[in-house]
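First listed ligand is number 1; within each ligand, the first listed atom is number 1.
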Amino acid sequence: MLNLDNFIVEFDKGLRTLFSQAHSVRPYPDAGLAEGGLSDNDKNKAAALMRVNHCGEICAQALYQGQALTARDPLVQRKLGEAAQEETEHLAWTAQRVHELGGHLSLLNPLWYTSSLAIGAFAGLLGDKWNLGFLSETERQVGAHLQSHLTKLPVNDTKSRAVVQQMYIDEVQHSEMAIKLGAAELPPAVKLAMQFSGKVMTRTAYWV
Ligand SMILES: [Fe+2]
Ligand SMILES: [Fe+2]
C-alpha cells in the first residue's frame, strides 16, 4: 500500500533516474565489440533511435516505480523491484550508447517520467491482476518496438544492435513473469491507447 516511507524512497529513485548516471551489474552487451565504421548520417540515425530507447527505459523506470508504490501483494512488489533493476541496466546501456554516438538524451525525460509514474500508480490502484496485465502488455509492446529497431539501426552498428537484442530478451522475460504472476488480459481499447501513447513518445523522442 502507498505510505509516506515508500513515497520518499520512490521519489528519491525518480530523481536518480532523471539526474544521475545509471549503473549496470551485468556487463554491457556491447562490451568487447568494436565500432562498426559508421558514417555521420548513420551515427545521427543510430543516436536518435537509441535516444528513443533510452526514453523508453525512463518510462519503464517510472511505470515500475508507480506500480510498486501501489501494488498490494509483496511477491508482486518484489518481482517488480527485480525487473526494475534490469530496467536500470537498460538505462545505463542506452545512455552510454547515445553518448558514444555523439547524441544527447531526450530533453523531455522529466515529462515522460512524470506521466509514466502517474500511469503506473494508477495501474497499481486497479489491483494486482490489472497491474500485471498492464505490465505484461507494456513489455510486449516494447519488445515489438525493439524488434522494429533491429530493422532500422544501421547494419554496421553492431554495438547498438547488441544492446537492443539483450534488452529485447529481458523485456520478453518481464512480460512472461507478469503472466506467470497472474496478469489479466487487457481490453483491446486499452492496448490500442497504449500503442498510441507509445507512438507519441517514440516519435517525439526521436527528434527532441
Ligand atoms: Fe527495458
Ligand atoms: Fe522490461
Report task. Return yes if a side-chain donor-acceptor contact under 3.5 Å exists between Asp170 and Gln166, otherwise no. Result -> yes
Query raised in the report: Taking atom types as modelled, is there a side-chain donor on Glu87 or His174 under 3.5 Å from an acceptor on the other?
Result: yes
Query raised in the report: Which angle, to 10 degrees, forms at the Fe ion (ligand 2) with OE2 of Glu139 on one side and OE2 of Glu87 on the other?
Result: 100°
Report task. Taking the side chain as every heavy atom from C-beta outward, state whether Leu132 and Val76 have any pair of such atoms under 4.5 Å apart. Result -> yes
Query raised in the report: Name of the Glu171 N, O or S atom nearest the Fe ion (ligand 2)?
Result: OE1
Query raised in the report: By atom name, which N, O or S atom belonging to His174 lies closest to the Fe ion (ligand 2)?
Result: ND1
Report summary line: The angle formed at the Fe ion (ligand 1) by ND1 of His90 and OE1 of Glu57 is about (to 10 degrees) 100°
Report task. May I ask you to decide whether Lys180 forms a salt bridge with Glu176, counting only side-chain N to carboxylate O separations under 4.0 Å? Result -> no
Requested in this report: May I ask you to say whether Asp73 pairs ionically with Lys129, meaning some side-chain N is under 4.0 Å from a carboxylate O?
Outcome: no
Report task. Specify whether an N/O/S atom of Glu86 falls short of 2.8 Å from the Fe ion (ligand 2). Result -> no
**Report entry** N/O/S from Asp170 sitting under 2.8 Å away from the Fe ion (ligand 1)
**Finding:** no
